[in-house]
Amino acid sequence: MLEVVKIGMLGLVGVLMALQFKSSKQEYTFYIGFGAALLIFYYVVRCLYSLASQLGVLQNYLVVGQGYLGTLLKIVGITYICEFSAGICKDAGFSSVAGQIEVLGKLTVMFAGLPILLAVIEQIQQFM
């Protein structure tokens, strides 16, 4: 919980610093925002590594469908990367590029989740 507060404060400090330069040095605003976003993204990646290790422990307990947790982790990673990239593009003023990244992320998540959907459909058919 304390780490979430630290990251939230980092984001707020980054935004407040960027606001100081908004009227005089526009390029500094982008650099400060980008730097704060990279620091927060680094923290997210660290959290994902610890989450992956915990999911590995959970996967040892699962008998059926051990590949599903890996697929789930890939989908979460795709979502974070696309959201992060789209946010940077929006901040830089390229909303159309951000929209395309979001569409790509949604399609990639859909295709990555198809094997899980097919497995669920197979399980349902076995019960009928």
Side-chain angles (χ1 to χ4, degrees):
M1 174 73 174
L2 185 61
E3 292 178 1
V4 173
V5 172
K6 287 180 191 177
I7 297 302
M9 293 302 288
L10 174 69
L12 287 174
V13 167
V15 168
L16 291 175
M17 285 177 56
L19 284 175
Q20 295 296 319
F21 293 104
K22 189 168 184 155
S23 62
S24 61
K25 301 278 187 177
Q26 285 282 338
E27 63 273 7
Y28 290 164
T29 303
F30 176 75
Y31 295 139
I32 292 170
F34 186 72
L38 279 178
L39 288 172
I40 293 170
F41 186 70
Y42 171 74
Y43 173 75
V44 168
V45 169
R46 276 191 15 215
C47 288
L48 284 177
Y49 279 124
S50 65
L51 177 66
S53 67
Q54 293 296 322
L55 286 177
V57 171
L58 179 64
Q59 190 172 9
N60 291 334
Y61 293 114
L62 294 177
V63 178
V64 179
Q66 291 192 359
Y68 299 142
L69 285 177
T71 303
L72 178 66
L73 213 56
K74 286 178 190 176
I75 289 172
V76 169
I78 290 167
T79 304
Y80 277 122
I81 290 170
C82 289
E83 184 73 25
F84 179 73
S85 302
I88 289 175
C89 291
K90 283 180 186 175
D91 288 344
F94 293 97
S95 297
S96 61
V97 174
Q100 295 301 316
I101 290 172
E102 289 172 352
V103 169
L104 172 74
K106 291 173 185 175
L107 289 173
T108 306
V109 165
M110 184 180 72
F111 286 125
L114 279 178
I116 295 174
L117 177 64
L118 293 174
V120 168
I121 291 172
E122 288 176 5
Q123 290 292 325
I124 291 171
Q125 285 181 345
Q126 287 179 358
F127 289 121
M128 293 185 161

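In what follows, residues are counted from 1 in the order of the sequence shown.
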Does a side-chain heavy-atom distance below 4.5 Å link Ile101 with Cys89?
yes

Heavy-atom check, side chain of Leu107 versus side chain of Met110, under 4.5 Å:
yes

Any residue meeting salt bridge (charged side-chain N to carboxylate O under 4.0 Å, His left out) with Lys90, in chain and number order, not counting sequence neighbours
Glu102

Identify whether Phe111 and Val103 are in the same connected component of the hydrophobic contact network (ILVMFWY, side-chain heavy atoms under 4.5 Å).
yes

Report, one line per pair, each donor and acceptor closer than 3.5 Å where one atom sits in a side chain of residues 31-46; sequence neighbours left out.
from, atom 1, to, atom 2, distance (Å)
Tyr43, OH, Glu3, OE1, 3.0

Any residue meeting side chain to side chain contact (heavy atoms under 4.5 Å, CB included) with Val76, in chain and number order, not counting sequence neighbours
Leu48, Tyr80

In terms of hydrophobic clusters joined by side-chain contacts under 4.5 Å, are Ile75 and Leu117 together?
no

Starting from Tyr28, can I reach Phe30 by hopping between I/L/V/M/F/W/Y residues whose side chains sit under 4.5 Å apart?
yes

Any link between Val109 and Leu114 through a network of hydrophobic side chains (Ile, Leu, Val, Met, Phe, Trp, Tyr) touching at under 4.5 Å?
no

Looking only at heavy atoms, the pair that brings Ala112 and Pro115 closest together is O-CD, 3.3 Å

Distance in Å, Lys106 NZ paired with Thr79 OG1, rounded so as to fall on 0.5 Å steps:
10.5 Å

Same apolar cluster: Ile78 and Phe84, side chain cutoff 4.5 Å:
no

Under 3.5 Å, side chain of Ser50 to main-chain N/O of Cys47, donor-acceptor pair present?
yes

Spacing of CD1 belonging to Ile124 relative to CD belonging to Gln126, to within rounding of 0.5 Å
10.5 Å

